[in-house]
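All figures in this text were calculated on a predicted structure; none of them were measured in a lab. Letters A, B, ... are given to chains in the order of the sequence lines, protein chains preceding strands, and every chain is numbered from 1.
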Amino acid sequence: MIGIIDCNNFYASCERTFNPALQNQPVVVFSNNDGAVIARSEEAKALGITMAAPVFKIKEMMKLKQIQGFSSNYTLYGDMSKRIKAITRNFFSAVEDYSIDESFVDCKGLQLLNLYNYVKDARDKITQWSGVPVSIGVGATKTLAKVANRIAKKQYRSIGVYIIDTDEKRIEALKNTNVNDVWGVGGRITAKLNAKGIYNAFDLSVVDTNWAKANFSVLLQKTVYELQGISCIPLELQTPNKQVIASQKSFGVFQTELEPIAEALANYTARVAEKLRKQKMLAGGIQVWLGTNNFSKTDKQYFPKINTMCNVPTDYTPYLISKANQALNAIYKKGYVYKRVGIMLTHLCHQTDGTLNLFYNQNRKREISIIKQFDKINRLNGTDTVKVAQQGFKNNWHMKQENLSQFYTTRLSDIIDIK
DNA sequence: TCTGGGGTCCTAGGACCC
DNA sequence: TCTGGGGTCCTAGGACCC
């Protein structure tokens with residue numbers, strides 16, 4: 001048996017944990033730039049606030065119904081996530097951290113202790129000790145655990161646990177789950193499935209698995225098996241190395257000129273390079289892209305992107321920034337209103353695995369010692385105490401965050417995006 | 001005026017190899 | 001008369017997740 005532990009309304013719950021006045025109040029959390037709703041408390045859901053609602057469309061209603069809104073505070077949520085996962089490991093020996101607010105856990109053998117009692121006790125303690133309410137679903141496969149988790153949240157909210165441990169329960173649960181609520185089935189596939197007369201998870205669980213592969217893909221085939229109780233997606237106890245590290249952000253004010261865009265790009269590059277070093281990795285290449293406002297009906301649209309390779313795999317911020325800047329210059333064209341710029345570090349490898357370049361003599365030793373001091377100063381004194389000149393000082397491209405909560409659980413030097 | 005950001009995996013097609 | 005078969009690697013695009 002596999003369980004999934006999922007935090008309820010995670011970002012909204014984090015805001016509440018340190019602000020008790022928000023208990024039982026409608027609370028929403030906004031995306032970057034305070035643009036759209038990305039988390040809602042139950043009270044906010046009950047008032048009809050939908051997921052991804054544009055903030056400007058609900059401003060009126062928020063005032064009227066006294067709904068509290070917060071800019072997203074990923075420093076806080078990330079730290080809370082770490083704490084919850086540490087607590088989880090007290091109860092389960094094999095844990096796969098799946099996302100910021102979800103972990104899969106191995107429940108093998110727990111039947112001997114009374115599975116329900118054990119899981120219920122874990123759920124109550126994780127909730128109490130972290131301050132963030134969680135739900136646990138358990139089933140024979142990851143996909144069934146996700147189905148069980150939905151039921152725990154919807155039908156057994158105060159208990160917070162649901163276990164699919166008989167075939168009768170499995171069939172009933174699948175019949176009560178729309179096919180688009182199945183893990184791995186998104187909007188596009190739902191439309192195609194509906195057109196073929198498949199509406200709920202049970203319908204999907206009884207199709208021929210070869211048909212699923214031929215008409216969709218091996219992924220949907222696995223989903224069908226998983227719904228039948230045959231496990232195809234194993235617990236991944238060892239977190240695989242990242243393949244890419246990316247950062248893109250929309251500008252607080254849309255930009256037309258190269259200079260501020262280059263400045264924003266340099267700052268995003270500094271952030272991804274820090275992340276890269278924290279994970280003891282090197283980047284072999286980078287991708288840079290630009291985007292205009294795709295919601296505009298009148299603006300000319302332009303979404304260029306470009307890939308380039310580094311001379312040698314590197315984590316040296318000044319080099320990555322200059323490389324990113326070159327890439328930007330190659331794709332930037334005057335005459336467009338730009339909404340965002342982004343960078344992705346690609347071809348990642350471990351620090352010890354970087355292949356040298358016969359034709360390029362780079363003084364890695366010197367770079368390593370410089371960047372170590374660089375990181376040390378910034379760790380002790382706050383991000384960007386020392387920075388590359390290209391990062392600039394104007395920051396008029398910076399995203400909007402007008403309702404940011406406090407960094408309740410972290411030090412100044414842990415703060416990454418705020419200055 | 002105004003709609004997020006960071007990831008993964010699979011597939012098809014093109015270029016190339018012998 | 002009439003032009004193979006088996007393979008790899010890379011990229012772009014599409015789908016999905018939270």
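In this entry dC18(B) has dG5(C) as its Watson-Crick or G-U wobble partner, both defining distances falling under 3.5 Å.
Comparing Trp289(A) and Val218(A) by the nucleotide of DNA chain B that holds the closest heavy atom to each, the one mapping nearer the 5' end is Trp289(A). The residue among Asn33(A) and Gln243(A) whose nearest nucleotide of DNA chain B lies closer to the 5′ end is Asn33(A).
Residue contacts shown for Phe254(A) are limited to sugar-phosphate atoms, with no base heavy atom under 4.0 Å away. Using a 4.0 Å heavy-atom cutoff across all strands shown, Lys213(A) reaches no nucleic acid atom at all.
Side chain of Asn307(A), nearest nucleotide from dG7(B), dA12(C), dG4(B): dA12(C). Of the candidate nucleotides dC18(C), dT3(B), dG6(B), dG6(B) has the atom lying nearest to any side-chain atom of Lys249(A).
Rounded to whole angstrom, the span from the CZ atom of Phe216(A) across to the P atom of dA15(C) amounts to 11 Å.
The aromatic rings of Tyr408(A) and Phe18(A) sit parallel, their planes meeting at an angle under 30°, below the 60° perpendicular limit. Phe91(A) and Tyr118(A) have perpendicular rings, their planes meeting at more than 60° on a 0 to 90° scale where under 30° would count as parallel.
Asp106(A) places no side-chain N or O within donor-acceptor distance of the main-chain N or O of Ala94(A), the cut-off being under 3.5 Å.
Distance check on atom P: dT3(B) versus dC18(C) gives 25 Å, rounded to whole Å.
At the phosphate of dG7(B), OP1 or OP2 sits under 4.0 Å from a side-chain N or O atom of Lys275(A).
Taking the ring centroids of Tyr338(A) and Tyr332(A), they lie under the 6.0 Å cut-off.
The aromatic ring of Phe56(A) does not sit over the base of dT3(B), since the test of centres under 5.5 Å and planes under 30° is not met.
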